[in-house]
Structure formats: C-alpha cells, structure tokens
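Reviewing the structure listed below.
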Protein chains: 4
Amino acid sequence: MTDSKARARGADKRRRLMTATARVLHQQGVERTTIADIAHAAEVPVGNVYYYFKTKDELVRAALSEHADHLDRLTGELDRMPDPLERLKALVAGWISQRDIAARYGCPTGTLAVELDKRAEGDMDLEAGKVIRSLLDWVERQFREVGLPHPDDLALTFVGAYQGMSLLANALRDPEIMTREGNRLIRWLDALPEHGQRGGSDPCCR
Amino acid sequence: MTDSKARARGADKRRRLMTATARVLHQQGVERTTIADIAHAAEVPVGNVYYYFKTKDELVRAALSEHADHLDRLTGELDRMPDPLERLKALVAGWISQRDIAARYGCPTGTLAVELDKRAEGDMDLEAGKVIRSLLDWVERQFREVGLPHPDDLALTFVGAYQGMSLLANALRDPEIMTREGNRLIRWLDALPEHGQRGGSDPCCR
Amino acid sequence: MTDSKARARGADKRRRLMTATARVLHQQGVERTTIADIAHAAEVPVGNVYYYFKTKDELVRAALSEHADHLDRLTGELDRMPDPLERLKALVAGWISQRDIAARYGCPTGTLAVELDKRAEGDMDLEAGKVIRSLLDWVERQFREVGLPHPDDLALTFVGAYQGMSLLANALRDPEIMTREGNRLIRWLDALPEHGQRGGSDPCCR
Amino acid sequence: MTDSKARARGADKRRRLMTATARVLHQQGVERTTIADIAHAAEVPVGNVYYYFKTKDELVRAALSEHADHLDRLTGELDRMPDPLERLKALVAGWISQRDIAARYGCPTGTLAVELDKRAEGDMDLEAGKVIRSLLDWVERQFREVGLPHPDDLALTFVGAYQGMSLLANALRDPEIMTREGNRLIRWLDALPEHGQRGGSDPCCR
DNA sequence: GATGAATGAGAGTTCATTCAT
DNA sequence: AATGAATGAACTCTCATTCAT
C-alpha cells in the first residue's frame, strides 16, 4: 500500500513533469527553456527533475512522446465516428478551435520539429518527424477508407495545409488565418469526389 | 580615396557578415549559432563583428533583411514575366529546385519565424512576419491581376502550402515532398478559372 | 531468533558494504566513486547505505579498516612460518602474484593514502598512514628477529620499494615491473648478512 | 609593438595559469581542485581561464607538461656535471632538500599519476606515465654511461625508491623519511662497482 | 577602425545527504 | 530497519558583450 502509493506519487510527478515540459517547450521553445523553468512549471525542485529525466534531451523526448500520446488519443476518439471524411472535418474543427494558441505559439509538433532540426546532437530531429508521420499515416488511412485515389498525396496536402496555416497564423499573430484556412479545408473535403465513384478526380482538386 | 576605400572595405565586411549570418542562422538556428560562428563564417575577427552590429539581435535582423532583399530581387525578376500565373508557377519551380536545402534546413524565413516567435525580447517575431507578409502580398497581387476572386485567400492557401510542404520535407527529411506538393501547386494554378471569367471558382478547387 | 537473524542480516550488509567499498575505491578512487556506485556494488539500496555509514567519510574509513584487517590476516598467516626472512620473501611473492592488479590499480593502501592526503576534511590522511605504519612495524619486527642492525631502516627500504614498484607498475601499466623488482627484493633478502653475525652490513647493500 | 606586447601578456597569463595549475593540483589533487581555485591562484577571472584552456582536462595536461619541462630543465643542468654517478647523487640531494614538500604533498608527478589512473576519460593516465618514463630513461642513461650492467633494472630500482620514499614520507607526514632513504641511495651509489670493472655486480647490491 | 583578450551571468548536471513512509 | 524519492549546493563550461590598445 505504502509502496504503491509512493510509486503512484512518483509516476504522478513524472507525468507532471512531462506535461509541464510539453507546455513550456511549446511556449518558450527548446533552447530558451531552462531546466529551472520546467521545474518551476511542474512545481518540482530543480535537482529533483534529474531523478526522473537524466538529461534535458530526455525531457525533450518526453515532450515529444506527450504529443504523440495526445495525437493517439485524439485520433482514437475520432475513429469512433463512422465517416472518415467527417473525422477529418472534426479534426480541422479542432484546429480552428485552437486558433488562439496556434497564433501565439504555432503547432506544438511542427515548431518542435523545426527547432530539433537545428540541434546537432542525437537523432532527435527524426523523432519529431515520427509524430508528424503518424498523423500523416492516420490521415492517409481516412482518405483510403473512402476510396480516394492517391491517399498519400491527399494526406500530404492536408497535413501540409495544417502546418502551413499554423506557421502563418503564428508568424503573423493572426488567429483568423486558422479560421479561414480551416474552413477552406472543410469545404475542400466536402467537395471531394464521393467514395471513389469518380476515379478521375482531377489532381488539381485534391 | 583611402577613405572611400576604407568605407568600401567596411561595407564589404558588413555585407559579408549579413550573408554569412543569413546562411548560418538558416543552417544552425538562432540559438545554436554563436557570434563566433558567424564571425568565422564571414572571415571577420570576432571582436570586429560588434563594430558593424551592436548586438546579436541586430545580426538576426540583418539576416531577416537579407531574406527580404532576396525576396524582393526574386519577385522583381518574376515581375518581368507577362503572365501572373506563370510568375507563380516559376516561383513554385524555384521552390522545387531548392528541395534538397528545404529538406535539410527548411524554409529560411519560415524556420526563422518559428524561432523568433519563441524569443521573448524585442518585437523581432513580428519582423519575420513582415517578410512573410510581403510574400503574401506579392502573391495576392498576382491573383488579383488575373482577376480571381478572394485573391487574399488564394495567397494564404498558396503560401501556406509552401510553408507546410517545407516544414514537412524538413521534418521528414524528404526532398520529394517538395516535388510532389510543388507539382500539385502547379497543376492547381493551371486549373484555376481563367482570368476571372468564371466568378464562381469553387473554393474547393483552389 | 527473528531479532538475531535481523542482526545477522544487518551485519552481513555492513560487511558487504565494507568489502564493496574497499574494492570500488581501489578501482575508481575516492573522488570518482559515488555512494550510488558503492550501493550498487554491494547490492544494497542507495538509501540504506546511510543506515550503516553516516557519511562517505565513514565508508572510506571502513575501506581503510578493511585493508588493515586484510593486512592483519596476511601477516598472521605469515607469522606461522618459522623464518622471518622467509616470511618476507613470501610477502614479496604475494605482491608479485598480484602484479596485474597492481599494474591496473596500484597498491590499495598506497593509492588510498595519496588520495586521502589531498582531502582537506578530517584527519583521514593520517588514517591511511596508520595502515602503512602497521606494515612497516611488522616488517621491522622480522628484520629485528633475525638480528639485523637498523631494522627500522631496512623496513623503510623494503616497504618503500614495494610502494615504489607498485606506483611505477601502475603509472606505466606494466605488471612486469612488479616481477622484476619483486625478484630483486627476494635476492636482496637472500643476500642479507646472516642473523646479525656481521654487524657491519653496509647500509648500501640493503 | 603593441601586438607583440599583447602576445607577450597573453603568453604570460598562459604560463601563469600553467604554473598555478601545477602547484594547486599538487597541493589539492585533481578532483578537489576547481577551476575557480586555479583562477584564483593565477589571479585570473574564472571565465578567462577558458580562453587559454578549453577544458579542465587541458589544464591537467598543462600541469603535466609543466612537470615534464621542470624535469627537462633539471636533468639538463645535471648533465653539465662530468660524472654520471655524481649527477644521480645530486638528484637525490635535490629530493632530500625538498623533503618538507614531499612529506606534505608527495611527489608531484607520482601523486598525479595515481590520481589520473582513476580517471576514466581520455588517455591521460598514460601521459603521467610518460613523464615518469622520461625520468627513468635519463637515470638509465647515467647507469649505462658508467658501464654498469642492467642499467634499466638499476633505474627502476632507483626511481622506484624515490617514488616509494615520497609516498611513505607523505603518508606518514615525516620528512625525515626522505633524508634517511635519500642518504641510503647516495651510499648505494657510492658502493656501486666502479665503472663496469666488476661485471659481477651482485644483484642484491643494486 | 580593428582586434585579441577579458568578463560574468547563467546553463546543465552531479551527488552527498536527508526525508517520509 | 529499509527505501525510493527529494534537495540544494557546487561544479564545469558557454557565450554575448565589453575592453584596451
């Protein structure tokens, strides 16, 4: 009992550190965030952070896996909807609803990927790519499920649009960009040829 | 004479520092780049850098204006083409031709914007936005020139697609993403309703 | 019963910690060894170490007393040999047989003495001296027993040679130094004037 | 002029740092010495130390080369004496005259070798061995010059005796050990068979 | 104008020791 | 007695910026 309580407390702290790290890294960026910042955000003494994560790199990795988990949960929920295109539209709706955060800090995974790309050490740049890849794969599956041709290209366009609009919203500090581009994406999904009936599907319309 | 020579040498150094800064910041990122890195890349003694730029922030600003200049030169050249849509297609062709650099380091302006957004000091985040804004404006002008409706939305979609594909290519380290998405953009431009004849222009088809 | 068992278990742990400490300190040195290293080597939970030893210093002291015990046991066994000079020769033979360890880590007591000398706190530097002093005394007793003049000087030369050859073997990572110098010591013992018959015994010939 | 002055000042500081490092490391040991200690001893601001030595390891290496230089200077001077055995006796006399320092801190090179042996990183342990090796070689050359057989063994015994007596003097905090053993070495040198006349040279007498 | 050197404020990390159970 | 977790002081190293010539 005592033991399991302690373990629970430990796991709790670890989790607190992970979410705090994900949040703070998103807001301040990897390089501008100090271990002290993270410790403070998680309400943990600085020295104690290293009990749970041996290096700053491990914390970054933890934030990344936090984003991956979040994505898994999100797509898991969306998967409960019957229509794949509806799932994608719900995803876009979610992006729009997060427009203020996007305008202020950008896409958590996207900006992390940009920053990690500049870090020489380790292979962490590829780690961020994996999370994005996993979103790409899920989106592709939706397009494939409705029988559209070139689902991989469609996914690329779709996720690319999301990263692009997040970056622009962030760079211009304008949440409305998320709304405008988000709504366009929804209309685009609506206008897609129905369930593979028209194999033609002019590429321009993807 | 000696004076003007000195001034010329000075201007030369300044220019060398600017281009070196732009290049190195693109490759290593703002935070990972030290003044010494820049000095070394520009072949200028470290202590001397501060004669031309009083702070690191000013160097970043210089890199930004370097990118702005580059964009101006580029659009200036494109403007010599008669057809606005051809100009846009040429722009996309340029992006594709830079695919390897994009896959390795991302879009210079875009990644800089992401990094600057995380910097607390000054208002430099907005500076990067200005460069992007200026691209956006030029693109919008092209769409307007051919009489397309909602040229601002079209520009947003167009530039967003560019930033998105650059980010994805970079995160996944895959230059082919630039090719695939670039070609799609070209087909999309080709399929756009001719010169405002069809005011309808279903947004889904953008 | 349970109580005595617990005490036995406790004593066992204490002993394990002592031998582990002696071994690890010999191999890694005092400063490079963490409490965690010792705990791990002794297979004792880190937090538990402090139940048996209140500070790291006490652990070092324990290692020292471990070496003292080892020396006592060794000389105790040697004392069962009838001839003091034979005892000394057996001691040297032991040193030679340990040549690989000496070449890798030096003499446990000697290197410990060197390290402790640099520690500001406490009077532990003198503690290591005591162990060496006790070896010196035992050796002196052997020389005295055979009636040689200046047994203290002889002991100094003898033990000094041991420390010197251990340090050289270690510094040069060459176990053969132990063999060469060890054999020389044995020949030297053999050539010593018999049992005080010749009081002259030129010190140069020691 | 200005330039050469600056260079001189720089070289001066570098040298000051080297000698300070050698001294402080000898007194406090490698692990107990902080960069701040060295900076303080050399009267240099902490941050500035790193302008001259990129890491602590490099400082240790510098101390080592300082010892090597000192040895070179010493043997260089001794070489001006005509008789090799006299040179060795003068060397011993020097050791005796340093007895207080030896009793307090041990042989600079020997204790450094012991400490470096425990450091896992780099190959610095071997570096200390090189300095000792160089002393060994010089001593061997003296024995060879007088035509004694097995000059290498003699050198080993001689240098081993020095290291041994330094360690004992240090461990027991007794400078008289240097005197007693030093004088013995001198008598031993005096008693050595003259200039290879007696090839026999009983090994016990080495 | 030019430049090597100087400076000090942090940053990440380690670890002996203590705490709570 | 036992133990995972907690704590903070100290250490090495980096770097933007300034200084002296």
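Chain naming here is simple, since letters A, B, ... match the order of the sequence lines and numbering starts at 1 in each.
A/Arg173 meets the salt bridge (charged side-chain N to carboxylate O under 4.0 Å, His left out) test with B/Asp117, B/Asp125; sequence neighbours excluded. Not counting sequence neighbours, the partners of D/Phe53 by the side-chain contact (heavy atoms from CB on, under 4.5 Å) test are D/Arg14, D/Leu17, D/Met18, D/Glu58, D/Leu59, D/Ala62. Contacts of D/Lys130 classified as salt bridge (charged side-chain N to carboxylate O under 4.0 Å, His left out), with partners at least two apart in sequence or in another chain: D/Glu127. Applying the salt bridge (charged side-chain N to carboxylate O under 4.0 Å, His left out) rule to C/Asp69 yields no partners; only residues at least two apart in sequence or on another chain are considered. In this view, C/Ala68 and C/Val131 satisfy the side-chain contact (heavy atoms from CB on, under 4.5 Å) rule, not counting sequence neighbours. In this view, C/Tyr105 and C/His26 satisfy the ring pair (Phe, Tyr, Trp, His ring centres under 6.0 Å) rule, not counting sequence neighbours.
Applying the side chain to side chain donor-acceptor pair (under 3.5 Å) test to pairs two or more places apart or on separate chains, those with a residue in residues 31-46 of chain B are A/Glu31-B/Arg32, A/Arg32-B/Glu31, A/Glu121-B/Arg32, B/Gln28-B/Thr33, B/Thr34-B/Asp37. Sorted by first and then second residue, the salt bridge (Lys or Arg N to Asp or Glu O under 4.0 Å) pairs involving residues 20-29 of chain C (not counting sequence neighbours) form an empty list.
Checking the phosphate oxygens (OP1, OP2) of E/dA2, a side-chain nitrogen or oxygen of B/Tyr52 falls inside 4.0 Å. Taking only side-chain nitrogens and oxygens, A/Asn48 never comes nearer than 4.0 Å to OP1 or OP2 of F/dA5. For the OP1/OP2 pair of F/dA1 and a distance below 4.0 Å, the side-chain nitrogens and oxygens of C/Tyr51 include at least one atom meeting the criterion.
In this structure, CZ of C/Arg16 is placed 13 Å from C1' of F/dA2, rounded to the nearest angstrom. For D/Asp12 and E/dG4, the CG to C1' distance is 16 Å, given to the nearest whole Å.
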In dot-bracket, 5' to 3', how would DNA chain F read with Watson-Crick or G-U wobble pairs under 3.5 Å, [ ] for crossing ones and | for pairs to another strand?
.||||||||||||||||||||
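Rounding to the nearest 0.5 Å places CG of A/Leu64 at 12.0 Å from OG1 of A/Thr21. Here A/Ile38 contributes atom CD1 and A/Leu25 contributes atom CG; the two are 5.0 Å apart, rounded to the nearest 0.5 Å.
With distances taken from any side-chain atom of D/Tyr50 to the nucleotides F/dT12, E/dT18, E/dG4, the minimum falls on F/dT12. Of all nucleotides listed (F/dA6, E/dA2, E/dG1), F/dA6 comes nearest to the side chain of A/Lys13.
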For residues 107-114 of chain A, run the donor-acceptor check on the side chains, cut-off 3.5 Å, and write out each pair with its distance to 0.1 Å, sequence neighbours left out.
{"unit_1": "A/Thr111", "atom_1": "OG1", "unit_2": "A/Cys107", "atom_2": "O", "d": "2.9"}
{"unit_1": "A/Thr111", "atom_1": "OG1", "unit_2": "A/Pro108", "atom_2": "O", "d": "3.3"}

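Both B/Val46 and C/Val46 sit near DNA chain E, but only B/Val46 has its closest nucleotide nearer the 5' end.
Sorted by residue number, the list of members of residues 27-44 of chain C with any non-hydrogen atom under 4.0 Å from DNA chain F is empty. Contacts between residues 54-67 of chain C and DNA chain E, defined by a heavy-atom separation below 4.0 Å, involve C/Thr55, C/Lys56, listed by number.
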